[in-house]
Number of protein chains: 2
Amino acid sequence: MSADAPVPARRARRYDPGRRDRLVDTTLDVIAENGVAAATHRAIARAADVPLGSLTYHFGSLTDLFAAAFTRHVDTVAARFDERMRAAPDRAAALEALVEHLTGDLLGSQRDLVLAVELYVAAARNPALRAVTQDWMSRSRRSLERHLDPVTAREVDALVEGLVLHSALSTDPMDATRIRSALHRLAG
Amino acid sequence: MSADAPVPARRARRYDPGRRDRLVDTTLDVIAENGVAAATHRAIARAADVPLGSLTYHFGSLTDLFAAAFTRHVDTVAARFDERMRAAPDRAAALEALVEHLTGDLLGSQRDLVLAVELYVAAARNPALRAVTQDWMSRSRRSLERHLDPVTAREVDALVEGLVLHSALSTDPMDATRIRSALHRLAG
DNA sequence: GGCCGTTGTGTACGTTCGTTCCTATGAGTT
DNA sequence: AACTCATAGGAACGAACGTACACAACGGCC
């Protein structure tokens, strides 16, 4: 009469060395999927299949976790973007690489697009995240300045931001041809 | 023994014909000030100095209230923008009006800027708000097409969106001169 | 002046949240 | 093998949330 007692089903898994890293990744997944507002401790714990307490153990607060997640995201995208710019031999190639970055890397995966916008808004209200956005903006501009003068780089940067926003939210985003034409008008 | 009884301090004010309108305005204020996430029934009620129940009486749900608020905001900004475009006699004047719109109307009041970005993100997750953003985007483009061909209008629209985002979040937004130069490069 | 239906108000309910805390476990060290 | 301490796990707390609802108050109508 005690075999299948109402034991609360103890969790078996133990000692998970990469867990902290996985939590950061899962956080980005949840934010991309449902937005920052829906990225609660519980939602992330469920998505990562870890108990609730594990989150507050690894990260002192939800803001800390967001900061870690966005920092990772910015590092990933900024590194990829700078590599593209570094690989370009001249200005024309840089513009084409920019088109590729926009249509291939970003617009291809709605994920990075959405994460960017979510980061922008979260940072607008949260001082702890503002540094991450600032870092992204300055790295992005520095990459552009490999082939563009500072004034043009700044204008292109603004246009790119607008294209990202448009693409993330509009029903009919601009295609590669239109983007290329706009970039050349601005920086060609 | 009953004069100053612990009566819960009945509210005196009654019959407030313009209340529904005021609630919409107050909602925009709260969103601009603290973001959509902080715009709760209670926060708005406090800001408008009305009891909590008044909100659910006038608006069936929080989403309904947001939709009403954003619709009003879009109507205001879109009307002002279209008037500027309509008043411009030619393409050059239209571009200058656009600069004026950006630096004067929008960047002058951080408020409209922030509201725009908040709307974008809220709409990305909430189907009921998506129609409002679509309306804004199409009206904005139609206004631009008074003086620009459709292709250019679209590019300018994207650039403007990027400038808005940059201005709302960057520490050193572009000034009127730079904005004018960028617009002329793109559409001049 | 008395009735009625719209409008206004206060409270309560059930849910979800971030965070805290106590206990259990096992890898690494001695 | 024994000990230790960083990690893991689950329950609990108080606070805040959206919403529902019962009752109060008053303008408009007879």
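A, B, ... follow the sequence lines: proteins, then strands. Residue 1 opens every chain.
Distance CZ (B/Arg20) to P (C/dT6): 16 Å, rounded to an integer number of Å. Whole-Å rounding puts the A/Asn34 CG to C/dC17 P distance at 12 Å. Atom-to-atom, CG of B/Leu55 to P of C/dT9 comes out at 11 Å; the value is rounded to the nearest Å. A straight line from NE2 of B/His41 to P of C/dT9 spans 16 Å, rounded to a whole angstrom. Between the CZ atom of B/Phe66 and the P atom of D/dC17 there is a distance of 11 Å, rounded to whole Å. Here the P atom of nucleotide C/dT19 and the CG atom of A/Leu65 are 10 Å apart, to the nearest Å. Atom CG of B/Leu52 is separated from atom P of D/dT19 by 11 Å (rounded to the nearest Å).
A distance-only check finds a donor-acceptor pair linking the side chain of A/Arg91 to the backbone of A/Ala187 [under 3.5 Å]. Remark: side-chain polar atoms of B/Thr152 are not paired, donor with acceptor, to backbone N or O of B/Leu148 under 3.5 angstrom.
Candidate nucleotides D/dT19, C/dG8, D/dA8 were compared by shortest atom distance to the side chain of B/Tyr57, and C/dG8 ranks first. Across D/dT19, D/dA8, D/dG9, the shortest atom-to-atom separation from the side chain of A/Asp16 is found for D/dA8.
With respect to A/Ile179, the side chain to side chain contact (heavy atoms under 4.5 Å, CB included) criterion is satisfied by exactly one of A/Leu98, A/Val160, A/Leu159, A/Thr103: A/Thr103.
Salt bridge status for B/Arg80 with B/Asp112: present, with a side-chain N to carboxylate O gap under 4.0 Å.
Between B/His58 and C/dG8 there is a side-chain polar atom (N or O) within less than 4.0 angstrom of OP1 or OP2. For A/Thr40 and C/dC17, the shortest distance from a side-chain N or O to OP1 or OP2 is below 4.0 Å. The shortest distance between the side-chain N/O atoms of A/Arg19 and the OP1/OP2 oxygens of D/dG9 is below 4.0 Å.
Looking at which nucleotide of DNA chain C each of A/Arg42 and B/Gly53 is closest to, the 5′-most match is held by B/Gly53.
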